Asker: 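Please read through the structure below; I'll follow up with questions.
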2 protein chains.
Amino acid sequence: MNDIAALPDIAGSQPDEPKTLAEAAYRRLRRDIIEGIHPPGEKLRVEHLKDHYAVGAGTLREALQLLVTDALVVAQGQRGFRVAPISLDDFEDITRTRVLLETEALKQSIECGEDAWEANVVAAFHMLSRAETKLEEGNEGNREEWELRNQTFHEVLISASPSRWCRHFQNILYLQSERYRRLSLFRQPISRDVHSEHQAILDAVLARDVEAATSILTEHILRTLEAVRQIPSDVLS
Amino acid sequence: MNDIAALPDIAGSQPDEPKTLAEAAYRRLRRDIIEGIHPPGEKLRVEHLKDHYAVGAGTLREALQLLVTDALVVAQGQRGFRVAPISLDDFEDITRTRVLLETEALKQSIECGEDAWEANVVAAFHMLSRAETKLEEGNEGNREEWELRNQTFHEVLISASPSRWCRHFQNILYLQSERYRRLSLFRQPISRDVHSEHQAILDAVLARDVEAATSILTEHILRTLEAVRQIPSDVLS
DNA sequence: TCAATATATTTTCTCGAGATTTTAATTTAG
DNA sequence: CTAAATTAAAATCTCGAGAAAATATATTGA
């Protein structure tokens, strides 16, 4: 047996297969909403969607309820479901709340993290760096991979925090911000600043410098806000 | 028309009638879980519950999914639903995360709140004080009312915060902590300290003193943690 | 007696059809 | 021609029955 197998899963981590049809439909729907296939504000008619996702009406209904949990879908009394709308104000709110939670979680992580956590951070950073290299070589097909590894890097950073609630809320907010980032990425490719910021966070983490790590992370997150501000308001529908 | 009618609803506020059977069942189930009728860890069999709550199987299923949103119920793959377990560690986490979010929201509220917000805070405090007076007179039947007004007071305090996400997460955490508080209240009745703390928060808010208000609120919330620590561990099952 | 396999029961999960409610279209009155 | 009211269409919500899975029980062999 390899030692690395004892560590929490980072690399080949599919967050365990969906064990129910409802959950499978939930994941596909979530992906389609985040990617903008179902635009913000669109009405989600059960009858039209059940055949496309190849499940029964009640099953699709459950999937929609799960999406309400993530606030990607809003349920309106007796008037069905709708993709959650987006706005600049909302994204500002998401970003600031995310800073609040993620810096706190990172602080706890640095204070509580053991060697294995450091190793995971280094590993996740490495995976992310490789994806960035591929992207710089012009292979746009790896963008999906970069997204995933970026998310993993941020998750691993706070994974040593004992606060399950901070992590839970952070996950929700990350999904939300991912929606906005998809929109901004079309006009603003991943800059080298992003990579150097990730590097700086890694360095601060390994130096166990809470102050530096949190302030860099804050700047890093707020930068995304600036990117979204560049989007013409008509795209936000 | 009375001026007070223009203000957001405080007094006679039922959070708008449930418009669907699923939501009605959801609310009753939520109440029963918080009150401990369904103890932590209990298996929630759909077949047994559908007749008690007088709804169909699919409908009750939806209600359970909604409860997963509030993390009061956990869904386990293909093995049904279960009341979320409780633990002292979990409550510590809940409390600390709540402090983080609620102090931030209160700070924003004080900075952004207008006259109408102040009026709402004063009104909610008054409602709460009256309920406390009734309780001191020995009428235990008003405990339910006090719970509701205490929640309303805390909600109104942060209602002027522009951060919908902070308020959303705070609502979830409040429901969670209410579960634990129900357990502690049996052996520790509402002390006069609680009332004086509410008074102190009100004073600080009216003085627009962010520093004082947030520190008192922090102490206030952490005090509940101490109360729960007094519970024998066997009650936590 | 214990372990492993096989059977039986229970429970969850899924589907399609019917009842209510909402939304859109049409008609009618002013 | 506008606005309210009536009618028609669509969609949501709800229910009960059947299929798949998991748990519990019983049986068999060592």
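Below, chains carry the letters A, B, ... as their sequence lines are ordered, and counting in each starts from 1. Keep in mind that what you see is a predicted model, and the values were worked out from it rather than measured.
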Asker: Taking only side-chain N and O atoms of A/Thr20, does any of them lie within less than 4.0 angstrom of OP1 or OP2 on C/dT14?
Answerer: yes

Asker: OP1 or OP2 of C/dC13 sitting under 4.0 Å from any side-chain N/O of A/Thr59?
Answerer: no

Asker: I'd like to know if B/Arg229 and B/Glu92 make a salt bridge, using a cut-off of under 4.0 Å between side-chain N and carboxylate O.
Answerer: yes

Asker: Which heavy-atom pair separates B/Arg82 from B/Leu44 by the least distance, and what is that distance?
Answerer: C-CD1, 4.1 Å

Asker: In whole angstrom, what separates A/Leu21's CG from D/dA19's P?
Answerer: 16 Å

Asker: With nearest nucleotides of DNA chain D determined for B/Val55 and B/Glu47 from heavy-atom distances, which residue corresponds to the more 5′ nucleotide?
Answerer: B/Val55

Asker: Nearest whole Å is fine: how far is D/dC13 C1' from B/Gln65 CD?
Answerer: 16 Å

Asker: Is there a side-chain polar atom (N or O) of B/Arg79 under 4.0 Å from OP1 or OP2 of D/dA21?
Answerer: no

Asker: Expressed as a whole number of angstroms, how long is the span from B/Arg45:CZ to C/dC13:C1'?
Answerer: 16 Å

Asker: Determine, for B/Arg31 against B/Glu35, whether the closest basic-nitrogen to carboxylate-oxygen distance falls under 4.0 angstrom.
Answerer: yes

Asker: A/Arg61 side chain N/O closer than 4.0 Å to the phosphate oxygens (OP1, OP2) of D/dT12?
Answerer: no

Asker: How close or far is atom P of D/dT14 from atom OH of B/Tyr26, stated in whole angstroms?
Answerer: 15 Å

Asker: Which is more 5' along DNA chain C, the nucleotide nearest A/Gln78 or the one nearest A/Ala22? Just name the residue.
Answerer: A/Ala22

Asker: Provide, to the nearest angstrom, the distance between the CZ atom belonging to B/Arg82 and the P atom belonging to C/dT12.
Answerer: 10 Å

Asker: Do A/Arg181 and A/Phe91 form a cation-pi contact, if we require the NZ or CZ to be under 6.0 Å from the six-membered ring centre and within 45 degrees of the ring's axis?
Answerer: no

Asker: Which part of the nucleic acid does A/Leu44 contact within heavy-atom distance under 4.0 Å: base, sugar-phosphate only, or nothing?
Answerer: sugar-phosphate

Asker: Base, sugar-phosphate, or nothing: which does A/Leu49 touch, judged by heavy atoms less than 4.0 Å apart?
Answerer: nothing

Asker: Could you work out which one of C/dT12, C/dC13, D/dT14 sits closest to the side chain of B/Glu62?
Answerer: D/dT14

Asker: Think B/His48 has a side-chain N or O under 4.0 angstrom from the OP1 or OP2 of C/dT11?
Answerer: yes

Asker: Tell me what A/Gly58 touches on the nucleic acid: a base, only sugar-phosphate, or nothing, going by heavy atoms under 4.0 Å.
Answerer: nothing

Asker: For B/Pro85 and B/Asp90, which heavy atoms make the closest approach, and how far apart are they?
Answerer: O-OD2, 4.5 Å

Asker: Mind calculating the distance between CG (A/Asp51) and P (D/dA11) to the nearest angstrom?
Answerer: 12 Å

Asker: Between C1' on D/dT14 and NZ on A/Lys50, what's the gap in Å once rounded to a whole number?
Answerer: 14 Å

Asker: Can you tell me the distance, in whole Å, between the CD atom of A/Gln76 and the P atom of C/dT22?
Answerer: 12 Å

